[in-house]
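By convention in this document, chain letters (A, B, ...) are assigned in the order of the sequence lines, proteins followed by strands, and residues within each chain are numbered from 1. The figures here come from the full heavy-atom set of this structure, side chains too, leaving out hydrogens, waters and symmetry mates.
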Amino acid sequence: MTNPERKAWSQDYSGWFHKVIAEVPIYDTRYPVKGTGIWMPFGYRLRKEVLRIIREELERTGHEEVLFPLLIPDYLLSKESEHIRDFEDEVYWVTHGGKTPLEVKLALRPTSETAMYPMFKLWINAYSDLPLRVFQIVNVFRYETKATRPMIRVREVSTFKEAHTAHATREEAEEQERIGVEVYSKIFERLKIPFLRTVRPDWDKFPGAERSIAFDTVMPDGKVLQIGTVHFLGQGFARAFDIRYMNSDGNYEHVWQTCYGISERAIAALISIHGDDHGLVLPSEVAPVQAVVIPIVYKGSEEEVLKRCKEVSEILKTSGVRVAIDDRRDMTPGNKYYSWEMKGTPVRIEIGPRDIDNNTVVLVRRDVLKKTPVNLDCLVEEVKRLFINIDEELTKRGREWMASKVREAETVDQAKSELDNNGGVVELNWCGRTNCGEELERTIDARILGVPFDKNGAENHITGAKCAGCNESAIKRIRVARSY
RNA sequence: GGGGCUGUAGGCUAGCUUGGUCUAGACUGUCAGGCUCGGGCCCUGGUGACCCCGGUUCAAAUCCGGGCAGCCCCA
């Protein structure tokens with residue numbers, strides 16, 4: 001069989017997603033607290049591989065891992081006024097220790113700025129303490145609206161990678177913002193997740209930030225999912241938390257800061273974007289099992305076949321491939337194929353009596369489900385070549401998917417009909433005025449994601465065009481979408 | 001946040017309108033045994049559930065109220 005279908009995937013994405021995460025299994029949604037879920041062993045391993053990539057990219061660029069407490073006292077959480085105003089409706093509070101009411105209410109962190117920055121104040125004294133770059137991978141809690149969704153809108157974000165940096169000057173912090181964007185781009189490229197980088201409009205910035213740059217992707221149902229954000233914080237938090245350093249003149253100055261985050265939404269995107277009706281399709285780098293060996297045993301040849309399977313498995317293991325043998329006796333090969341395809345295993349290796357005779361194995365790649373017999377002597381080489389082919393195919397598919405989901409429009413009517421018919425993202429001209437933006441969102445029935453990010457920052461003005469909303473002169477190109 | 005639908009074995013499904021003879025399935029999973037194994041084999045036997053609390057009633061899976069949880073649509 002070749003060319004696995006994407007019927008369920010495209011026509012009933014939500015049903016497809018629920019089924020896949022339950023069947024693989026990745027994530028069990030049946031825990032009786034709303035907006036929470038359980039990472040099942042296979043899902044946990046997938047998450048671990050994704051986190052490995054995230055850690056590698058951050059560590060490569062000078063970020064150090066730390067771990068802060070879950071609890072934040074109320075007076076710290078409310079220190080930065082914009083920040084608390086946005087978060088206060090979604091904070092979980094710990095109010096009692098046993099039966100004793102607490103004198104200071106404790107928040108379950110919704111994010112950790114207000115936990116970290118009082119400590120930054122203690123850690124940073126002099127110019128030589130900068131730049132400071134730390135990150136942690138923790139759970140955070142947000143009392144989300146009733147419309148929760150596994151991994152995508154949850155009340156306990158179980159996998160929240162947050163990086164926080166502090167710098168001596170605006171320029172250095174802006175350089176860090178750029179590095180943050182590059183780090184995230186690299187991470188998503190390694191995950192083969194296509195993305196758009198968009199500077200959020202002022203009304204949609206991270207509370208307390210000067211500028212927010214978001215990574216968005218398009219899910220199979222055409223809705224946009226934000227999978228990462230990079231924030232330039234300026235000096236707002238530094239003032240609120242009085243984080244200062246002594247400069248070379250002997251004067252104290254507030255630091256400049258950035259922060260950036262990625263959550264398990266990235267894993268939801270990884271699962272969704274590559275998948276098909278047989279289940280997951282995983283890039284080789286993050287597949288918990290990269291190659292599975294399926295013995296095809298007939299009566300009388302069991303020992304010989306199993307012996308060969310073990311040899312093959314050992315050879316691959318030695319060359320660094322995460323490999324498993326499925327030697328379950330009470331299951332037919334076909335059944336095993338389906339179950340490993342559901343798990344997204346990039347390469348399947350079938351070994352039967354015929355292969356023993358011919359000194360071959362049969363390789364099957366998950367993305368296109370194509371079978372190729374190869375000689376045992378080139379096993380490692382061929383398996384690794386398939387990994388590369390699969391990864392390239394996933395990157396290509398991702399790009400094509402994204403390209404097909406980003407359209408241009410002249411008018412709000414065109415924009416609306418594009419979104420009605422095709423979903424995704426529509427780009428159009430805009431005057432830059434907030435009230436026009438709000439009207440535009442209402443008319444198109446969508447959200448303004450913001451302005452395309454380029455390396456020079458947000459200020460990529462345009463001239464000589466009319467605003468699609470009010471017909472005045474347009475100054476920006478904006479992206480509009482329906483989102484999660 | 002507003003609305004709709006729903007909750008029955010690990011999963012899926014029937015029963016609910018009109019309370020009783022209710023508990024059930026030839027599906028799937030799972031366990032034991034047999035037969036097998038190059039795309040979801042087959043046979044035999046076993047296993048396992050009416051979301052929680054309260055109310056109405058002689059009698060509740062079924063009706064009513066509340067809670068918890070889920071899905072869908074809209075914001």
Side-chain angles (χ1 to χ4, degrees), chain A residues 1-5 8 11-38 40-41 89-90 142-156 221-223 276-279 292-306 308-309 312 325-343 345 348-358 360-366 368-374 416 419-420 423 438 441-448 481-484:
Chain A
M1 181 190 276
T2 54
N3 297 327
E5 290 197 352
Q11 290 168 13
D12 177 25
Y13 161 63
S14 183
W16 176 89
F17 185 74
H18 279 97
K19 180 171 173 265
V20 166
I21 62 176
E23 268 189 32
V24 167
I26 292 172
Y27 192 79
D28 198 326
T29 59
R30 292 172 300 178
Y31 190 74
V33 174
K34 187 173 174 60
T36 62
I38 295 134
M40 297 297 285
D89 289 340
E90 47 187 68
R142 296 179 186 179
Y143 186 72
E144 283 284 353
T145 86
K146 70 170 199 179
T148 59
R149 239 170 210 283
M151 271 190 246
I152 287 173
R153 175 166 285 119
V154 286
R155 288 184 172 175
E156 178 187 10
D221 58 2
K223 279 164 90 173
D276 63 29
D277 287 357
H278 286 229
V292 62
V293 181
I294 312 275
I296 312 294
V297 293
Y298 289 87
K299 213 170 194 141
S301 62
E302 294 103 325
E303 270 180 42
E304 209 180 0
V305 168
L306 279 172
R308 175 60 60 88
C309 287
V312 164
I325 302 180
D326 189 346
D327 57 2
R328 286 176 288 185
R329 291 305 312 259
D330 49 354
M331 219 173 171
T332 56
N335 224 321
K336 293 178 184 177
Y337 300 165
Y338 282 99
S339 96
W340 288 98
E341 279 162 13
M342 181 59 72
K343 289 173 162 37
T345 311
R348 177 171 84 233
I349 303 166
E350 301 173 12
I351 301 176
R354 248 177 0 238
D355 299 297
I356 308 271
D357 294 344
N358 301 333
T360 57
V361 298
V362 175
L363 300 185
V364 188
R365 54 184 278 190
R366 173 63 183 87
V368 292
L369 295 182
K370 207 176 134 221
K371 292 195 184 196
T372 355
V374 304
K416 188 168 189 318
L419 293 181
D420 287 344
E438 285 168 354
E441 288 188 333
R442 250 194 313 277
T443 327
I444 303 178
D445 187 23
R447 207 180 113 204
I448 294 181
R482 297 187 181 139
S483 63
Y484 276 102

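Within the 4.0 angstrom heavy-atom criterion, base atoms lie near A/D355. Residue-level contact check: A/P333 touches the bases, meaning some heavy atom is under 4.0 Å from a base atom. Looking at heavy-atom distances under 4.0 Å, A/G37 makes no contact with the nucleic acid at all. Using a 4.0 Å heavy-atom cutoff across all strands shown, A/R329 reaches at least one base atom of the nucleic acid. Within the nucleic acid shown, A/P150 comes within 4.0 Å of sugar-phosphate atoms alone, with no base atom in reach, counting heavy atoms only. Residue-level contact check: A/P353 touches the bases, meaning some heavy atom is under 4.0 Å from a base atom. Within 4.0 Å of A/K146, counting heavy atoms only, lies at least one base atom of the nucleic acid. Within 4.0 Å of A/R482, counting heavy atoms only, lies no atom of the nucleic acid at all. A/D327 comes within 4.0 angstrom of no nucleic acid atom, judged by non-hydrogen atoms across all strands.
Base-pair partner of B/U47: B/G29 (Watson-Crick or G-U wobble, both distances under 3.5 Å). Pairing for B/C5 is with B/G70, a Watson-Crick or G-U wobble pair whose two hydrogen-bonding atom distances lie under 3.5 Å. Summarising the base pairing, B/C37 is matched to no nucleotide, lacking a Watson-Crick or G-U wobble pair whose two defining distances lie under 3.5 Å. Under the Watson-Crick and G-U wobble criteria, each requiring two contacts below 3.5 Å, nucleotide B/G19 is left unpaired.
Each of B/G39, B/A75, B/C41 was ranked by its minimum atom distance to the side chain of A/T332; first place goes to B/C41. With distances taken from any side-chain atom of A/R354 to the nucleotides B/G38, B/G70, B/G39, the minimum falls on B/G38. Among the nucleotides B/A75, B/C37, B/G39, the one closest to the side chain of A/Y337 is B/G39. Of the candidates B/G11, B/C41, B/C73, B/G11 carries the atom nearest the A/R30 side chain, counting heavy atoms from C-beta on.
Put simply, NZ on A/K371 is 9 Å from P on B/G38, counting in whole angstrom units. For the pair A/I351 CD1 and B/G39 C1', the computed distance is 17 Å after rounding to whole Å. Between A/H18 atom NE2 and B/A69 atom P the separation is 15 Å, expressed in whole Å.
In summary, A/D28 and A/R30 engage in a salt bridge, as defined by a charged side-chain N under 4.0 Å from a carboxylate O.
The main-chain N or O of A/K223 is never found under 3.5 Å from a side-chain atom of A/R482 such that the two would form a donor-acceptor pair. In this structure, A/R366 contributes its side chain and A/E341 its backbone to a donor-acceptor pair below 3.5 Å.
Side-chain contact between A/D355 and A/T360 is present, with heavy atoms from C-beta onward closer than 4.5 Å.
Where A/K223 and A/R328 each meet RNA chain B at their nearest nucleotide, the meeting point lying more 5' is that of A/R328. Nearest-nucleotide positions on RNA chain B for A/T36 and A/D445 put A/T36 closer to the 5' end.
In this structure, A/Y13 places its OH atom where more than 12 heavy-atom neighbours from other residues, nucleotides or ligands lie under 6.0 Å away.
For A/R348 and A/Y337, the positive end sits near the middle of the six-membered ring, less than 6.0 Å away and at most 45° from its axis.
One cannot find a donor-acceptor pair under 3.5 Å joining the base of B/G39 and the side-chain atoms of A/N335. Between the side chain of A/E341 and the base of B/G39, at least one donor-acceptor pair of N or O atoms lies under 3.5 Å.
A/Y338 qualifies as a stacking partner of the B/G40 base, centre to centre under 5.5 Å and near-parallel within 30°.
Distances shorter than 4.0 Å separate none of the side-chain N or O atoms of A/K336 from OP1 or OP2 on B/G40.
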